[in-house]
Amino acid sequence: MSGLNGTDFTFRPLDPLSDAELLHGWVTHPKAAYWMMQDARLEDVERAYMEIAADPHQHALLGLRNGEPAFLMEQYDPAHRELVGLYEPEPGDVGMHFLVPSTDTPVHGFTRAVITAVMAHLFEDPATHRVVVEPDVSNKAVHALNEVVGFVPDREIDKPEKRALLSFCTREQFFRSQSLAARGVAV
């Protein structure tokens, strides 16, 4: 997917062992507080992503910018992970998390380009009809990003680890948001 200023974003499966050190720095950074791994040791990160890799209902990908790791994406089946019993899943629902690591040299619009690339990647699969997210209710920055790519909040839910804002984005909502953005219309 073409990203920021012609930059290409690509995806590759995360390797829980060889990528653990990189991820450890990302998920334990103070700005990644909503990832809830602040006190994780390297072994904890390896274990967490080995569990994801072994689970048929979820997987993790590294997003690459010009071939270099630039962000993390997790995809899951909400009928089997994260949201079981908290809402009524529909056929074609896909759950998603993404993490853009903190940097000393932020690039304006980068995180928006990342979430756009993540959503486009998810909707490349014709079986995906709707993306489901459950960010912390207090994470206003991600709520704003979600809105930009077409997510509509549904309701607050209580998960074991947080109070979350359950939100949905259909394929049509995502592509409409991209059409409006391409025409310079604020969403």
Side-chain angles (χ1 to χ4, degrees), residues 3 9-65 67-87 93-107 110-119 121-122 131-149 151 153 156-167 169:
F9 289 118
T10 55
F11 295 84
R12 75 161 170 79
L14 183 134
D15 182 314
L17 297 177
S18 65
D19 294 326
E21 191 171 332
L22 171 73
L23 285 182
H24 182 262
W26 290 3
V27 301
T28 59
H29 190 280
K31 290 188 178 176
Y34 289 112
W35 211 253
M36 295 178 282
M37 294 185 80
Q38 300 298 172
D39 298 323
R41 296 169 300 147
L42 179 60
E43 301 79 32
D44 299 326
V45 173
E46 287 175 349
R47 186 178 318 104
Y49 285 95
M50 286 174 73
E51 288 173 9
I52 289 173
D55 187 332
H57 300 293
Q58 58 184 341
H59 63 276
L61 301 172
L62 272 184
L64 309 175
R65 180 181 186 200
E68 294 298 320
F71 59 94
L72 172 64
M73 175 189 140
E74 295 176 356
Q75 178 178 340
Y76 65 90
D77 180 344
H80 298 277
R81 298 291 170 266
E82 294 283 337
L83 294 168
V84 176
L86 296 174
Y87 90 109
D93 278 0
V94 174
M96 178 273 289
H97 302 132
F98 78 102
L99 175 68
V100 176
S102 182
T103 178
D104 293 333
T105 55
V107 176
F110 183 71
T111 304
R112 181 178 178 162
V114 165
I115 193 172
T116 301
V118 164
M119 295 294 287
H121 180 77
L122 292 170
V131 178
V132 183
V133 293
E134 26 61 52
D136 192 291
V137 293
S138 65
N139 191 345
K140 303 301 184 201
V142 86
H143 300 316
L145 281 168
N146 287 345
E147 184 180 337
V148 164
V149 294
F151 278 97
E156 291 185 9
I157 58 173
D158 289 313
K159 295 186 68 196
E161 73 281 8
K162 65 184 176 186
R163 180 111 176 122
L165 182 62
L166 182 66
S167 302
C169 181

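Sequence positions, counted from 1, serve as the residue numbers for this chain.
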Worksheet item: Excluding sequence neighbours, so at least two apart, what forms salt bridge (Lys or Arg N to Asp or Glu O under 4.0 Å) with Arg81?
Response: Asp55

Worksheet, complete the sentence: Taken in chain and number order and not counting sequence neighbours, the residues that satisfy ring pair (Phe, Tyr, Trp, His ring centres under 6.0 Å) with His143 are none

Item to complete: Output all residues satisfying ring pair (Phe, Tyr, Trp, His ring centres under 6.0 Å) with His29, sequence neighbours left out; order by chain, then residue number.
Response: none

Response to the item:
Taken in chain and number order and not counting sequence neighbours, the residues that satisfy side chain to side chain donor-acceptor pair (under 3.5 Å) with Asn139 are none

Let me check something: any side-chain donor-acceptor pairs from residues 20-27 under 3.5 Å, sequence neighbours excluded? List them with distances.
{"unit_1": "His24", "atom_1": "NE2", "unit_2": "Ala40", "atom_2": "O", "d": "2.8"}

Discussion item. Just to verify, what does Asp19 make a side chain to side chain donor-acceptor pair (under 3.5 Å) with, not counting sequence neighbours?
Written reply: Arg12

Discussion item. I'd like to check the side chain to side chain donor-acceptor pair (under 3.5 Å) partners of Asp136; sequence neighbours left out, ordered by chain and number.
Written reply: Ser138

Worksheet item: Can you name the residues that form a side chain to side chain donor-acceptor pair (under 3.5 Å) with Lys159, not counting sequence neighbours?
Response: Glu82, Glu134, Glu161

Discussion item. Tell me every residue that passes ring pair (Phe, Tyr, Trp, His ring centres under 6.0 Å) with Tyr49, counting only those two or more places apart in sequence or in another chain.
Written reply: none

Item to complete: Using salt bridge (Lys or Arg N to Asp or Glu O under 4.0 Å) as the criterion, list what pairs up with Glu156, not counting sequence neighbours.
Response: Arg163

Worksheet item: Could you give all pairs that pass the salt bridge (charged side-chain N to carboxylate O under 4.0 Å, His left out) test and reach residues 26-35, with sequence neighbours left out?
Response: none

Item to complete: Apply ring pair (Phe, Tyr, Trp, His ring centres under 6.0 Å) to Phe151 and list each qualifying residue two or more places apart in sequence or on a separate chain.
Response: none

